Every structure is written in structure tokens, then in C-alpha cells.
Amino acid sequence: MTSRPPLAGLVLAAGAGARFGGPKALARRADGTPWLAIAVDLLRGGGCDPVLVALGAGADEAAPLVPPDAVVVLVEDWARGLSATLRAGLGAVRVDAVVVMPVDTPDADPRAVRRIIAGAREEPRTALVQATYGGAPGHPVLIGRDHFPALISGLTEDRGAGAYLARHGAVTVECGDLWSGADIDVRPRGEDSGTG
């Protein structure tokens, strides 16, 4: 039996969180659990190793919230938007594929990560797989290494991989039975930025 090639996980957590009221990398659940730790556990629980965390805005305060078994990737030009975060994160990946998850999805289910990985079948290096929720595209997303150069070269401003995934026929995997698929743009009542 052949073992599956290693798949990295990448947490996107470099933005300033303007609508949220501060960097989402600093957010915590009401019980004090950092969203960063939840995201790392989600990817690791889904089968990703290593897990990388892309930090930018608030990086000095956020870095101590990253679990010690994850790798911090500093995004120097984070103010340029999501494209800069994704570019830095993909540039740090050294394995055949990466599963990408934004930090603002603390309600996500690790089974969604496992489904996305299964959707890559035996060819993660060439795969593009995206979770859908009631047919609408969402996260997690698996990107095979063969796509990195073209994807990176086409990234601009505050846009991620969505257009590339659509253009290149990403395999879609419905995950709406596992969780809502919704990211959190407004700070939930009872949760804080972790700075107080």
C-alpha cells in the first residue's frame, strides 16, 4: 500500500479585518480559544502536515497564539490584500499540495478538509478541489503544486484563487451537510480581539 504524499495546510490570517474591527488573527472564541489555534487544529485534524499560518497585520501579537507545531509565514506586504497573503503562503509550501483555509471560519468541520483531500484522489500535485455549500463555492480549497506558478502570477489586490479555480475546472465537493461554510466578517457577541 502506497502512502499519500504529504499535504500542507495553510491558514490565511494576514488581513487587517477592517469590517471585523481588527485583525482576525487576534480573534478568540468566547471561551478564550484563539481562532488561529482552531484553524491549525482543523487542518491538522483533516490530515494536513505541515500547517503554515500566514500572518501580517498584528503579527507580533498573533504569533504567540499560533500553536508551536505550526509554521508562521510573515506576509510583509499584507496591506496589498489577499493576493499578497496567498502568494506568501504558497511560496512557503514545499510539498505536493496545500489545503487553504481562512482564519475566520472557526465553525468549520475537519471532515470538510478530509473530503477535499479525498477529492484530489491519487494526484494531489495536479489537483484543484473546492468545497461547496448548497452549490456555492467556499473553503477549504486544495491546490496542487503544479498550479502554483500560474496561480501566483495571476493574483492581484484583494482577490484570492476563486477565479483561477473556476477557470481551470476545480473539482467541487459538497460539504453543506457538515457546516454552513460561512466566514465571519462581523465580530460575534461575546468574542473579542484578544488584545484586551
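Remember, it's a predicted structure, so these values are computed and weren't measured experimentally. Numbering starts at 1 and runs along the sequence shown.
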Item to check | Residues Arg111, Asp109: salt bridge by 4.0 Å N-O rule | outcome: yes
Item to check | Side chain to side chain, Leu86 and Leu12, heavy atoms closer than 4.5 Å | outcome: yes
Checklist entry - Mind checking whether Leu142 and Leu7 have side chains closer than 4.5 Å, heavy atoms only? => result yes
Checklist entry - Is there a path of hydrophobic side-chain contacts, each under 4.5 Å between heavy atoms of I, L, V, M, F, W or Y residues, that connects Val98 with Val71? => result yes
Checklist entry - Taking the inter-plane angle between the rings of Tyr133 and Trp179 on a 0 to 90° scale, is it parallel (under 30°), tilted (30 to 60°) or perpendicular (over 60°)? => result perpendicular
Item to check | Val173 side chain near Gln130 side chain, heavy-atom distance below 4.5 Å | outcome: no
Next on the checklist: Taking the side chain as everything from C-beta on, heavy atoms only, tell me whether Trp35 gets closer than 4.5 Å to Leu65.
Outcome noted: no
Checklist entry - Is Glu174 reaching over with its side chain to a backbone N or O of Ala131, donor-acceptor style, under 3.5 angstrom? => result no
Checklist entry - Should Leu10 and Val103 be counted in the same cluster of Ile, Leu, Val, Met, Phe, Trp and Tyr side chains packed under 4.5 Å apart? => result no
Checklist entry - Are any of the side-chain heavy atoms of Leu151 and Ile143 separated by less than 4.5 Å? => result yes
Checklist outcome for this item: From the list Thr105, Asp183, Asp104, side-chain hydrogen bond (donor to acceptor under 3.5 Å, both in side chains) partner of Lys24 resolves to Asp104
Checklist outcome for this item: Heavy-atom closest pair (Ile117 atom, Gly46 atom, distance to 0.1 Å) is CD1-O, 3.4 Å
Item to check | Min side-chain heavy-atom separation Val141-Met101 under 4.5 Å | outcome: no
Next on the checklist: Check whether Arg145 reaches the backbone of Val93 with its side chain - one donor and one acceptor, N or O, closer than 3.5 Å.
Outcome noted: yes
Checklist entry - Side-chain contact, heavy-atom cut-off 4.5 Å: Pro102 with Val11? => result no
Checklist entry - Would the number of heavy atoms belonging to other residues, nucleotides or ligands and lying under 6.0 Å from CZ of Arg44 be above 12? => result yes
Checklist entry - Within the distance-only criterion (no hydrogens, no angle test), does the side chain of Arg87 pair as donor or acceptor with the backbone N or O of Leu155 below 3.5 angstrom? => result yes
Checklist entry - In Å, rounded to the nearest 0.5 Å, how long is the span from CZ of Arg28 to CG of Leu36? => result 9.5 Å
Item to check | Donor-acceptor contact present, side-chain His168 to main-chain Tyr164, <3.5 Å | outcome: yes
